[in-house]
Number of protein chains: 2
Amino acid sequence: MTSFVTHLESALDGTHLPARTVQTVHEGRPLWVRYDLDAVGRAVARDDLRGRSSGLWRYRELLPVDDPGCVVSLGETTTPLVDCPRLARALGVRRLLVKDESRLPTGSFKARGMAMAVSMAKQFGIERLAIPTAGNAGGALAAYAAKAGMSCTVLMPEDTPEVNRYEAGLFGARVFLVDGLINDCGALVREGAERVGWFDVSTLKEPYRIEGKKTMGLELAEQLDWELPDAIFYPTGGGTGLIGMWKAFAELSALGWLASDARPRMFSCQADGCAPIATAFDEGERFARAPDAPRTEASGLRVPVAVGDFMILDAVRESGGRAMAGAESAIRPRMRQAASLEGLSLCPESAVCLEVLADAVAQGHVGAAETVVVFNTGAAQKYVEVMRTELPRLDRAAPDWDALGAGA
Amino acid sequence: MTSFVTHLESALDGTHLPARTVQTVHEGRPLWVRYDLDAVGRAVARDDLRGRSSGLWRYRELLPVDDPGCVVSLGETTTPLVDCPRLARALGVRRLLVKDESRLPTGSFKARGMAMAVSMAKQFGIERLAIPTAGNAGGALAAYAAKAGMSCTVLMPEDTPEVNRYEAGLFGARVFLVDGLINDCGALVREGAERVGWFDVSTLKEPYRIEGKKTMGLELAEQLDWELPDAIFYPTGGGTGLIGMWKAFAELSALGWLASDARPRMFSCQADGCAPIATAFDEGERFARAPDAPRTEASGLRVPVAVGDFMILDAVRESGGRAMAGAESAIRPRMRQAASLEGLSLCPESAVCLEVLADAVAQGHVGAAETVVVFNTGAAQKYVEVMRTELPRLDRAAPDWDALGAGA
C-alpha cells in the first residue's frame, strides 16, 4: 500500500513541502500532513471499519505510513470511553465520558504519537532518535524505538516524575537528567541533531506525532457512532492531541463520515502555575508568552513554550471553546474525586481538566444538558510523587475492631 | 438475562452447592462455578462473538452474572497478544507471544477477577468488601468497589510496592499496613468477616474471581483463532489465573469451539525465593508447604500459602506442564531484556516467566519449534522500587558531544 498523503503544509504560512522525504519544521514552525481525502473516500467507507482490529491502525487510510512493513506496534488497542454518571452529577453536566488513554502501551496517550513517529522514522531509514521530555513522552518513544531496533536518547529535567525517569532507561534508551526545564532539554536535542545526527522527535518538530494523536479524535467519533460530543476537555502541554483531534474532525467532515456538522467546543486545560495558552487566549493573542516561573505538579503541563501555540489557539477559537487555567490546589482533590466516584485513576494533568470543567460550568461555558468528554492522558499510578501518602498501621496483636467495623 | 450457571462445586470433594446465594468456600477449600454448557452452546455460536465489543464481557454466556444491571465495568478491553520475534530468538523458541495484561484498568490482570467478584457482590447486595494483598489486587478491588459504590478495606504487608499502597487509597479504600506477610493480612480479613461483616474477596475465598481470570484463556483462544499454543508460562502467586485458564480450555473444548483437542502445557512460574508450588511439583505432592523465609522482589509471588495449591498442581500435571522456580537474580535482567528487545514493560513476576522459559528450553521441556505464550500480568511502571536507578546528569553548559554522539 501507499498512503494517501499528498504533501506536507506549513501550519503558519501554507507552504507546500514534499512528503516522501524526511521533513522536520518549516522556518521553525510545524507541518500539517495532507491527504487526498477524495481518494480516501473512494478507498474506504465508514462502515468498512467495523470488521477491523481494535486500535489506531484501523484508520490506516488516514495515516501516513506507506509501507505496512514499517508499522511499529506494541499492540495499541482502542481506548475505552467510560461513562461516569456520578462524576457528571458532581460536576453538573448531563453526561460525562472519560476516554481512558492510560490503557495504551507505557500507560499514556504518548504511545499514539510515538507509534506514528517511529513507524515513519523506520520508513525513512532513520536510526538515532532523541527527545526532550518532562513526562510520559520519553518512555513511550523509548519503547517504540526498542521495538524498532533504533537507538534513543532522552533528556529530561531533574524534577521529571520518578517512573518516567526510569521507564525510558528500562527500554534501553540513554537517559540524562538536565538542570533546567523541558525547553532547555529541547535546545540540547536541537544542538545534538546538528552535531551528532540525532533525529529530533520533539513535539511538533516532526510532522507525524500529530497524525498519531489525531486517532484520539477518530476513535472518539467512531465510538460515539459519528456523533461528536458538545465539548472536549483536554490537558494541554505541547498541544499535539488537541490540534490532532481538531484536524481529525475536519478530515471526517470532509469525508462525510460525521452524523452532523456540529463539532465539539475544544477546551484547552492548563494548571494555573503554568498556563501560557490560557493567558494568550484571555489576551486575544495567537502566540503565547512563556510564564516567568512555571510550576505545577502536573508534570506534563510544565511546558512554558509550545511551538504549536497558534495551532492550539486557532483550534480552540474556531471551535467556540476556550483555553482555561485550573487551580493547582485542586489537582489532588480532583484525582481523589474521580477515583472514588468512578474507579478511574486520572493523571494530574487530567485532574486539571475536571477543575476547568467545574469552572466552565460555573461560568456558563458548559450547559447542564451537555455531553462532555474528558481525556485521561495517563495512569495516576505513574505519578508516585503525587500519590504518596502516609498510611495507618494496623496492630496485628490487637486490632481495634470497633473502629474497623464502624468505618467500613 | 439469567446466567447459565447451574451450581457451585467444591474443588476438593465435588460437593454441590447452590449458586444463587452468597457462597465463599466449602470446608476451607475453593468452589468451581459450573454451567449448563449444552444450553450455552445452543444460545451462542463461536462466530457470534465477532460482532461484540472488545473485552471480557463479550463472553457473557460463560460468565456468572445473572443481571446485566449488576455488571460493574471500568472499560475492560481485550488485551493485546504481542508477537515478540527478537525475544523468541533470544530464548530459543519459534514463536513467543506476550499477552499484555498491563493494559487493563489499574494496570494489571487483577482487574479481570475483581470485575467479576464485584459484579457478583453487587448482585447479592453485598456492600462491605475487604481483601489482603501484597500487590495489584488491592488497587483493582478498590477501583471496582468505588465504581460500584461499595466500601472497601485493604490490608497489606509493609513491604508492598509503593504504587500498590497508594492506589487503593486513591480509590477511596481504607488501607492499613500490617507487620507480616499476605497470609497474616488474610487471617485478619477472615476475623473481620466474622466480627464486623466484611465480605472476604481474598483469592479463591469467593467463587467468582476465577471466572474473571478465566477470560484470559477465552481471549487467548479467540485471538489465536481457537488454536491454542504449545505452552503457556504464567506467574503463580495465588494461582487463580492458571486455574481459570485451564477451566476455560475445558469449557471451550466441551462447547466444541477449539480447533483441535490439543491443549497447552501449563508452566507455573515462581521465583526461587518463594516457590512452594514448584517445590510441591518436584516432590510429587498435591498440596504445598509454606517456605520458611519467603523473599522475592516479585511482590505478587510473595505468597507462601495458596489455598488453591492442589488446583494449580492438578492443572499443571493434567496439562503435561511443570511448576518451576526461576532465579531471583534474573528478574531485573529479564525485565531489561524484554523491554529493550520488544518495548514491553514486564512486571517482575512475568520477568520470572522468561527465566523459567529459558530454563525449560535448556532442559528440553520446550522445543525450538514451539509457540509459547507468556503472560505479562502487570505494568513494570507500577514497581518503582524495582525500576529505580541512578541516572547520569548532563552538563548543559558543556555537553560532551563526542561521548553523546558515540553512544547513540
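Below, read A as the first sequence line, B as the second, and so on, with proteins coming before strands; counting in each chain starts at 1. Quick caveat, the model's predicted, so the values are computed rather than measured.
For the pair T78(A) and T77(B), the minimum side-chain heavy-atom distance is 4.5 Å or more.
Contact annotation for D395(B): neither backbone nor side-chain heavy atoms come within less than 4.5 Å of a heavy atom of chain A. For a residue to count as touching a neighbouring chain, one of its non-hydrogen atoms must lie under 4.5 Å from one of that chain's; by this rule F171(B) touches chain A with backbone and side chain alike. Heavy atoms of R388(B) lying under 4.5 Å from chain A belong to its backbone as well as its side chain.
When N164(B), V82(B), T389(B), L155(B) are compared by the number of non-hydrogen pairs under 4.5 Å with chain A, T389(B) comes out ahead. Ranking S340(A), G172(A), A380(A) against chain B, the residue ahead of the rest is S340(A), based on heavy-atom pairs under 4.5 Å. Among M335(A), R86(A), K382(A), the residue making the largest number of heavy-atom pairs under 4.5 Å with chain B is R86(A). Between chain B and the residues R332(A), R165(A), M150(A), E162(A), the largest count of heavy-atom pairs under 4.5 Å involves E162(A). Residue with the most contacts toward chain A among R336(B), Q337(B), E191(B), R50(B): E191(B) (heavy-atom pairs, distance under 4.5 Å). Comparing E167(B), M156(B), R195(B) by heavy-atom pairs within less than 4.5 Å of chain A, the highest count is held by R195(B). In terms of heavy-atom pairs under 4.5 Å with chain B, the best-connected choice from A173(A), A148(A), A338(A), P105(A) is P105(A). Most heavy-atom pairs under 4.5 Å with chain A: of the set L104(B), V98(B), L341(B), this distinction falls to L104(B). Contact tally against chain A (heavy-atom pairs below 4.5 Å) for G169(B), G192(B), A379(B): the top residue is G192(B).
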Check the pair D179(B), R393(A) against side chain to side chain contact (heavy atoms under 4.5 Å, CB included), reporting the backbone distance first and the verdict last.
-> CA-CA 8 Å; D179(B) 174 26; R393(A) 275 162 175 75; over 6 Å; no
Could you walk me through whether V384(B) and Y166(A) pass the side chain to side chain contact (heavy atoms under 4.5 Å, CB included) check?
-> CA-CA 8 Å; V384(B) 66; Y166(A) 306 142; 3.9 Å; yes
Determine, step by step, whether R396(B) and D184(A) satisfy the salt bridge (charged side-chain N to carboxylate O under 4.0 Å, His left out) criterion, reporting the C-alpha distance in whole Å, the side-chain angles of both residues, the deciding distance to 0.1 Å, and the verdict.
-> CA-CA 8 Å; R396(B) 259 211 287 163; D184(A) 302 309; 3.2 Å; yes
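Closest approach of V163(A) to M387(B), counting heavy atoms only: O-CE, 4.4 Å. Here the shortest heavy-atom pairing between E342(A) and L74(B) reads O-CD2, 3.2 Å. Nearest heavy atoms, P85(B) versus K147(A): CD-NZ, 4.3 Å. The nearest pair of heavy atoms linking E76(A) to R103(B) is CA-NH2, 3.7 Å. Scanning all heavy atoms of the two residues, the minimum distance from G75(B) to P80(A) falls at O-CG, 3.3 Å. When all heavy atoms of P399(A) and L188(B) are compared, the closest pair comes out as CG-CD2, 3.7 Å.
Rounded to the nearest 0.5 angstrom, Q223(B) CD and S53(A) OG are separated by 10.0 Å. Between atom OG of residue S108(A) and atom CD of residue Q381(B) there is a gap of 9.5 Å, rounded to the nearest 0.5 Å.
Within the structure, the ring-ring contact (aromatic ring centres under 6.0 Å, His included) test picks out the following pairs touching residues 376-404 of chain A (sequence neighbours left out): W401(A)-W198(B).
In this structure, E127(B) places its CD atom where only 12 or fewer heavy-atom neighbours from other residues, nucleotides or ligands lie under 6.0 Å away.
For the pair R174(A) (side chain) and L404(B) (backbone), a donor-acceptor distance under 3.5 Å is present.
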